[in-house]
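I have placed the structure first, in the form of structure tokens, so that the comments after it can refer back to it.
Quick caveat: nothing in here was measured; it's all calculated off a predicted structure.
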Amino acid sequence: APVGRGCYSSGFGMRNGKLHKGVDYYNADAVPVFAAASGKVRSRTWRNDYGNMVVIDHGDGVFTRYAHLESLADIKLGDRVSSGQQIGVMGNTAGYTIPRHLHYEVLTGTWQPLAGSFALTPVDVMGLPAAE
């Protein structure tokens, strides 16, 4: 799990006509966020919609994205991380007001130089079909 203490608060699927590409975990406190599996830091950035964000490349076309982080651990682009290694702290960063949570995505496909992780296909980690 990407958080040690947090409750599952929002699922994968359609929301207001748009796909919510991951799952959300909530905690009122700033709890650590962990790499779900070993891999290489492919992106470490801030975006208006995702706030502080980390993407890890796990190999074989599998990636994970961690968004809205309050702070990032001392990891750099290209660093190798281990499964369970702390990569940040749950937060509420974005260009709009949101409650503290971790937005977590599993993505598959081929990394594209310009689109990066946004060219990848989101996967429902709970295994449920997305509502249309």
Side-chain angles (χ1 to χ4, degrees):
V3 293
R5 294 177 318 182
C7 66
Y8 178 80
S9 61
S10 184
F12 181 98
M14 296 305 290
R15 186 179 302 159
N16 300 321
K18 293 175 64 181
L19 179 62
H20 184 247
K21 300 184 229 177
V23 297
D24 294 341
Y25 294 93
Y26 166 81
N27 194 311
D29 299 321
V31 298
V33 172
F34 306 103
S38 297
K40 184 167 94 173
V41 176
R42 193 65 187 253
S43 176
R44 181 188 192 278
T45 191
W46 188 91
R47 285 177 47 113
N48 192 54
D49 51 354
Y50 282 76
N52 288 321
M53 174 182 87
V54 171
V55 178
I56 299 173
D57 181 344
H58 302 287
D60 296 321
V62 177
F63 302 80
T64 49
R65 180 183 355 249
Y66 309 79
H68 306 304
L69 300 171
E70 178 176 289
S71 61
L72 303 175
D74 186 23
I75 54 173
K76 296 172 188 59
L77 193 62
D79 281 358
R80 300 249 357 129
V81 294
S82 300
S83 179
Q85 179 178 335
Q86 184 172 343
I87 59 169
V89 173
M90 184 187 291
N92 60 349
T93 59
Y96 49 92
T97 304
I98 56 174
R100 179 183 306 281
H101 72 287
L102 169 69
H103 175 78
Y104 172 70
E105 297 177 19
V106 175
L107 305 159
T108 59
T110 303
W111 188 272
Q112 300 295 321
L114 295 178
S117 62
F118 292 92
L120 302 171
T121 302
V123 175
D124 180 358
V125 297
M126 298 302 185
L128 304 172
E132 293 288 327

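- Contacts of Asp49 classified as side chain to side chain donor-acceptor pair (under 3.5 Å), with partners at least two apart in sequence or in another chain: Arg47.
- Connection of Phe12 to Leu120 is not established within any shared hydrophobic cluster, with ILVMFWY side chains joined at heavy-atom distances below 4.5 Å, either directly or through further cluster members.
- Between the side chain of Glu105 and the backbone N or O of Leu107, no donor-acceptor pair lies under 3.5 Å.
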Next item on the list: Determine, stepwise, if the pair Lys40 / Asp79 fulfils side-chain contact (heavy atoms from CB on, under 4.5 Å).
Entry: CA-CA 6 Å; Lys40 184 167 94 173; Asp79 281 358; over 6 Å; no
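- Following chains of ILVMFWY side-chain contacts shorter than 4.5 Å, one can reach Tyr8 starting from Val3, so the two form part of one hydrophobic cluster.
- From Ser117, atom OG reaches atom CZ of Phe63 across 8.5 Å, with rounding to the nearest 0.5 Å.
- In the hydrophobic clustering of this structure, Val125 groups with Val33; members are Ile, Leu, Val, Met, Phe, Trp, Tyr whose side-chain heavy atoms approach within less than 4.5 Å, directly or through other members.
- Within the model, atoms CD of Gln86 and CZ of Phe34 stand 5.5 Å from one another, a figure rounded to the nearest 0.5 Å.
- With sequence neighbours excluded, no residue forms a side chain to side chain donor-acceptor pair (under 3.5 Å) with His68.
- Contact record, Trp46 with Gly95: CZ2-N, 4.2 Å, taken as the closest heavy-atom pair.
- Clustering ILVMFWY residues whenever any of their side-chain heavy atoms sit less than 4.5 angstrom apart, transitively, puts Val123 in the very cluster that holds Leu102.
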I'd like a table of donor-acceptor pairs (distance under 3.5 Å, sequence neighbours excluded) in which one partner is a side-chain atom from residues 53-61, with atom names and distances.
from	atom 1	to	atom 2	distance (Å)
Asp57	OD1	Gly59	N	2.8
Asp57	OD2	Arg42	NH1	3.1
His58	ND1	Ala37	O	3.4
His58	ND1	Ser38	O	2.8
His58	NE2	Thr64	OG1	2.7

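- Annotation: ring pair (Phe, Tyr, Trp, His ring centres under 6.0 Å) contacts of Phe118 (sequence neighbours excluded): Tyr50.
- Counting all heavy atoms, side chain and backbone alike, Ala28 lies closest to Arg100 at O-NE, 3.3 Å.
- For the residue pair Ala36 and Tyr66, the shortest heavy atom distance occurs at N-OH, 3.0 Å.
- For the residue pair Gln112 and Ala119, the shortest heavy atom distance occurs at CG-CB, 3.2 Å.
- Through chains of ILVMFWY side-chain contacts below 4.5 Å, Ile98 is grouped with Tyr96.
- Here Ser10 pairs with Arg15 under the side chain to side chain donor-acceptor pair (under 3.5 Å) rule; sequence neighbours left out.
- In the hydrophobic cluster analysis, where Ile, Leu, Val, Met, Phe, Trp and Tyr join through side-chain heavy atoms closer than 4.5 angstrom, Leu69 is grouped together with Val81.
- Using modelled atom types, one side-chain atom of Asn27 and one backbone atom of Asp29 make a donor-acceptor pair closer than 3.5 Å.
- Remark: side-chain polar atoms of Thr93 are paired, donor with acceptor, to backbone N or O of Asn52 under 3.5 angstrom.
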